[in-house]
J.: 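Mind having a look at this structure? Questions to follow.
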Amino acid sequence: MIQEIQIYNTLTRRKEVFEPLVPGKVGLYVCGPTVYGSPHLGHARSAITFDLLFRYLKQIGYKVRYVRNITDVGHLIADADEGEDKIEQQAKLDELEPMEVVQKYTNLYHKAMAMLNLQAPSIEPRASGHIIEQIEEVKKILNSGYAYESNGSVYFDVEKFAAENDYGKLSGRKIEDLISNTRSLDGQNEKRSGLDFAIWKKASPEHIMRWPSPWSDGFPGWHMECTAMSCKYLGETFDIHGGGMDLTFPHHEAEMAQAQAAHGKPAVRYWMHNNMITLNGQKMGKSLGNAISLEDFFTGNHPLLEKAYSPMTIRFFMLQAHYRSTLDFSNEALQASEKGLERLMKAVAKIDSLPVSASSSINVAELSANCYTAMADDMNSPIAISYLFDGVKMINSIADGKSTITSAEKDALKSLFRIFVSDIFGLKADDQAESGNSEVLSEVVELLMKLRMEAKANKDWATSDKIRNELTAIGFDIKDGKDGVTWELKK
RNA sequence: GGUCGGUUGGCCGAGUGGUUAGGCAGCGGUCUGCAAAACCGUGUACGGCGGUUCGAAUCCGCCACUGACCUCCA
């Protein structure tokens with residue numbers, strides 16, 4: 001059942017055949033959000049990319065443990081060692097307890113991810129819930145000699161580590177370049193080098209979120225949480241680590257170094273990074289102030305949005321681009337995806353009612369093989385989708401009586417679309433316009449339809465068109481088909 | 001400044017040596033009282049200059065433009 005797949009490994013900068021540490025099982029760790037703001041399109045890109053991976057790996061037969069963390073402490077603003085904690089800063093702005101901020105934005109994140117039809121990770125650990133584990137990792141790194149204590153804080157000794165290990169390999173950086181780059185802005189005397197990063201930070205008196213440790217009352221450094229939690233739930237060595245490309249340096253580079261220093265061996269076998277969402281060619285990011293929240297997309301309530309876009313439209317939009325390409329947001333592109341998705345889903349809904357024949361003029365096995373091959377090539381979802389649209393043409397052609405399909409082939413086609421559209425791509429029919437009084441509404445519309453049919457029967461086009469036009473203006477879609485009139489309420 | 005990417009038809013977006021990616025829009029058609037919707041059909045694009053090759057969007061060189069990272073960011 002398990003087929004050979006290739007994934008692009010950032011560490012080696014090429015596609016590699018994926019071979020799990022333990023046959024049939026995959027350990028997957030992905031950097032989740034820092035919960036200090038509303039989830040935006042960028043969060044969705046990362047989450048959808050690795051949801052796709054999660055679903056796909058399971059589909060081809062792997063048992064997957066998917067760990068995605070929530071960063072709720074230790075993530076600092078501005079300078080990694082002098083700045084204020086993001087959570088605490090937002091807490092002051094919102095006049096909330098830090099944990100209220102964490103809860104508020106965690107809830108928003110979960111809600112948005114659920115709307116995007118993401119499957120929940122197997123484990124979703126919080127950094128604040130793993131302080132002890134992080135302290136233990138800090139101890140190990142101190143023991144191995146790659147860290148030093150300074151005024152209650154503990155710093156990772158990058159230059160010492162780099163002298164004996166590969167530092168900068170993941171992000172393609174040379175230690176000499178990094179040194180020459182950081183020397184100029186060296187103003188901290190706690191650190192031996194501007195390159196060093198905190199793995200435990202002593203809390204200043206006004207700092208609220210603090211925990212006791214052998215070195216000081218304080219909090220763990222940002223990079224520490226992923227090392228500690230991935231190790232706890234996936235082991236010292238695990239298969240895949242994912243995240244946004246912007247985390248490659250310094251976050252993932254630091255993680256690599258920490259794990260190596262603490263455990264004496266690399267933790268991650270395959271590094272996967274999704275590319276960024278851009279807006280007018282520029283990265284969309286909270287710190288850049290150009291991020292559009294997912295809620296804005298769902299409601300259409302944003303100056304840059306011409307209309308609301310459903311979660312499935314967003315999802316499909318992203319799946320139509322390869323995860324390692326930048327994807328430029330625009331209303332035009334989104335609306336194109338919206339229509340394409342509609343066509344796809346309508347075809348899917350038609351499969352059941354297709355007439356069967358004694359012979360097939362289409363080849364479902366070939367279509368299926370093409371879809372699987374596309375996905376096996378570093379999750380090339382856009383290619384797989386293009387094949388699905390070949391399938392859409394087949395379905396429509398059969399429905400039109402221009403092609404034929406056997407009963408067995410029809411079952412295969414149905415199964416193929418279920419697997420790819422629902423199970424792997426996670427696409428589902430958008431929830432119908434939720435009208436609480438739909439029953440009464442529908443009776444009223446049916447009445448109008450009846451009146452219109454009578455007018456049509458009398459060739460009273462003026463009346464029939466008036467009813468249609470008025471209903472259209474309200475937002476109804478009236479379609480005169482061969483077998484009668486159908487209508488739906490457009491959102 | 002350093003490192004690594006990108007530049008594909010009206011828009012989005014795959015594709016790495018020779019055959020139609022795909023979606024949306026446009027155009028033509030079927031259907032319709034007329035429309036709409038739906039469906040069918042339809043486009044030969046690959047930043048510039050040079051080179052390699054029988055043949056390049058695809059390989060090499062130079063140039064231009066643009067992006068990401070180098071500070072927090074999915």
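Here is how names work: the chains are called A, B, and so on, in the same order as the sequence lines, proteins then strands, and each is numbered from 1. Here the structure is a predicted model, which is why all the values come from computation and not from measurement.
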J.: Which nucleotide in the set B/rG67, B/rC40, B/rA14 lies at the smallest distance from any side-chain heavy atom of A/Gln282?
T.: B/rG67

J.: Classify the nucleic acid contact of A/Met245 as base, sugar-phosphate or nothing, counting any heavy atom under 4.0 Å across all strands shown.
T.: nothing

J.: What's the gap between B/rC62 and B/rU3 when it is taken at their P atoms, as a whole Å value?
T.: 13 Å

J.: Give one of base, sugar-phosphate or nothing for A/His40, where a contact means two heavy atoms less than 4.0 Å apart.
T.: base

J.: Between A/Phe316 and A/Gly285, which residue's closest nucleotide on RNA chain B lies nearer the 5′ terminus?
T.: A/Phe316

J.: Quick one: is A/Asn275 getting a side-chain N or O under 4.0 Å of the B/rA68 phosphate, OP1 or OP2?
T.: no

J.: Is the distance between the ring centroids of A/Phe161 and A/Phe156 under 6.0 Å?
T.: yes

J.: Could you state the atom-to-atom distance from CG of A/Leu319 to P of B/rA14 in whole Å?
T.: 12 Å

J.: For the side chain of A/Thr278 and the base of B/rG67, is some donor closer than 3.5 Å to an acceptor across the two?
T.: no

J.: Would you mind classifying the nucleic acid contact of A/Gly42 as base, sugar-phosphate or nothing, using non-hydrogen atoms under 4.0 angstrom?
T.: base

J.: How would you label the contact of A/Pro39 with the nucleic acid (heavy atoms, under 4.0 Å): base, sugar-phosphate, or nothing?
T.: nothing

J.: Would one find a side-chain N or O of A/Arg343 under 4.0 angstrom from OP1 or OP2 of B/rC40?
T.: yes

J.: If we take the C1' atom in both B/rG15 and B/rC46, what is their distance in whole Å?
T.: 11 Å

J.: Can a side chain N or O of A/Lys456 be found less than 4.0 Å away from OP1 or OP2 on B/rU32?
T.: no

J.: Measuring from the side chain of A/Ala336 (C-beta onward, heavy atoms only), which nucleotide among B/rA14, B/rG23, B/rA74 has the closest atom?
T.: B/rG23

J.: Write down the distance separating the C1' atoms in B/rA25 and B/rG9, rounded off to the nearest Å.
T.: 12 Å

J.: Should the ring pair A/Phe54 and A/Tyr66 be called parallel, tilted or perpendicular, given that the plane angle runs from 0 to 90° and is split at 30 and 60?
T.: tilted

J.: On a whole-Å scale, what distance lies between the P atoms belonging to B/rG17 and B/rA21?
T.: 15 Å

J.: Is A/Arg324 positioned over the aromatic face of A/Tyr8, cation under 6.0 angstrom from the ring centre and no more than 45 degrees off axis?
T.: yes

J.: For A/Asp328 and A/Thr278, which I'm curious about, is there any donor-acceptor pair between the side chains at under 3.5 Å?
T.: yes

J.: In whole angstrom, give me the gap between the C1' atoms of B/rG43 and B/rU8.
T.: 14 Å

J.: Expressed as a whole number of Å, how far does the P atom of B/rC11 sit from that of B/rA45?
T.: 15 Å

J.: Is A/Leu327 touching bases, backbone alone, or none of the nucleic acid, heavy atoms closer than 4.0 Å?
T.: sugar-phosphate

J.: Where the side chain of A/Pro382 is concerned, which of B/rG33, B/rA14, B/rC11 is the nearest nucleotide?
T.: B/rA14

J.: Does B/rC72 have OP1 or OP2 sitting under 4.0 Å from an N or O in the side chain of A/Lys286?
T.: no

J.: If you only use heavy atoms from C-beta on, which nucleotide in B/rU71, B/rG13, B/rA74 is closest to the side chain of A/Asp246?
T.: B/rA74

J.: Please determine if a side-chain N or O atom of A/Ser325 lies less than 4.0 Å away from the OP1 or OP2 oxygen of B/rA14.
T.: yes

J.: What's the closest nucleotide to the A/Arg173 side chain, out of B/rG33, B/rC39, B/rC69?
T.: B/rC69

J.: Hey, does the side-chain of A/Arg468 have a donor or acceptor N/O within less than 3.5 Å of a partner on the base of B/rC34?
T.: yes

J.: Might you work through the ring-ring contact (aromatic ring centres under 6.0 Å, His included) test for A/His273 and A/His252, ending with a clear yes or no?
T.: CA-CA 10 Å; A/His273 291 99; A/His252 291 160; 4.9 Å; yes

J.: Tell me which nucleotide, if any, is Watson-Crick or G-U wobble paired with B/rU3 when both distances must be under 3.5 Å.
T.: B/rA68

J.: Closest to the A/Ser386 side chain: B/rC72, B/rA38, B/rG22?
T.: B/rG22

J.: With A/Lys307 as the cation and A/Tyr309 as the aromatic partner, state whether NZ or CZ is under 6.0 Å from the six-membered ring centre and within 45° of the axis.
T.: yes

J.: Among the candidates B/rG2, B/rA74, B/rC12, find the nucleotide nearest to the side-chain atoms of A/Leu247.
T.: B/rA74

J.: Compare the minimum distances between each of B/rC40, B/rG2, B/rA74 and the side chain of A/His43, then state the nucleotide with the smallest one.
T.: B/rA74

J.: Taking atom C1' in both B/rG50 and B/rG10, what distance in whole Å separates the two?
T.: 31 Å

J.: What is the ring orientation for A/Tyr29 with A/His241, classed by angle as parallel under 30°, tilted 30 to 60°, or perpendicular over 60°?
T.: tilted

J.: Between A/Phe425 and A/Phe316, is the ring centroid distance below 6.0 Å?
T.: no

J.: What about A/Asp465: does its side chain form a donor-acceptor pair under 3.5 Å with the base of B/rG33?
T.: yes

J.: Between B/rA57 and B/rC49, how far apart are the P atoms? Round to whole Å, please.
T.: 12 Å

J.: What integer distance in Å separates A/Glu253:CD from B/rU3:C1'?
T.: 12 Å

J.: Once you round it to whole Å, what is the distance between P of B/rA68 and CD1 of A/Ile277?
T.: 14 Å

J.: Check the phosphate of B/rA14 against A/Asn380, side-chain N and O only, distance under 4.0 Å to OP1 or OP2. Yes or no?
T.: no

J.: Does A/Trp461 stack onto the base of B/rG33, taking stacking as ring centres under 5.5 Å apart and planes under 30° apart?
T.: yes

J.: Side chain of A/Ser464 only, heavy atoms from C-beta on: which candidate in B/rC70, B/rC40, B/rG33 is closest?
T.: B/rG33

J.: Calculate the interatomic distance between A/Met394 atom CE and B/rG22 atom P; express it in whole Å.
T.: 13 Å

J.: Tell me whether A/Lys202 forms a cation-pi arrangement with A/Phe219, defined as NZ or CZ under 6.0 Å from the six-membered ring centre and within 45 degrees of its axis.
T.: no

J.: For A/Asn274, answer base if it contacts any base atom (sugar-phosphate contacts may also be present), sugar-phosphate if it contacts only those atoms, and nothing otherwise; contact means non-hydrogen atoms under 4.0 Å.
T.: base

J.: Looking at B/rA45, which nucleotide sits across from it as a Watson-Crick or G-U wobble partner, both distances under 3.5 angstrom, or is there none?
T.: none

J.: Report yes if at least one side-chain N or O of A/Arg324 is closer than 4.0 Å to OP1 or OP2 of B/rG5; otherwise report no.
T.: no

J.: Considering only B/rC72, B/rC40, B/rA74, which nucleotide approaches the side chain of A/Arg45 most closely?
T.: B/rA74

J.: Here's a test of your reading of the structure: between A/Ser171 and A/Asn396, which maps to the more 5' nucleotide of RNA chain B?
T.: A/Ser171

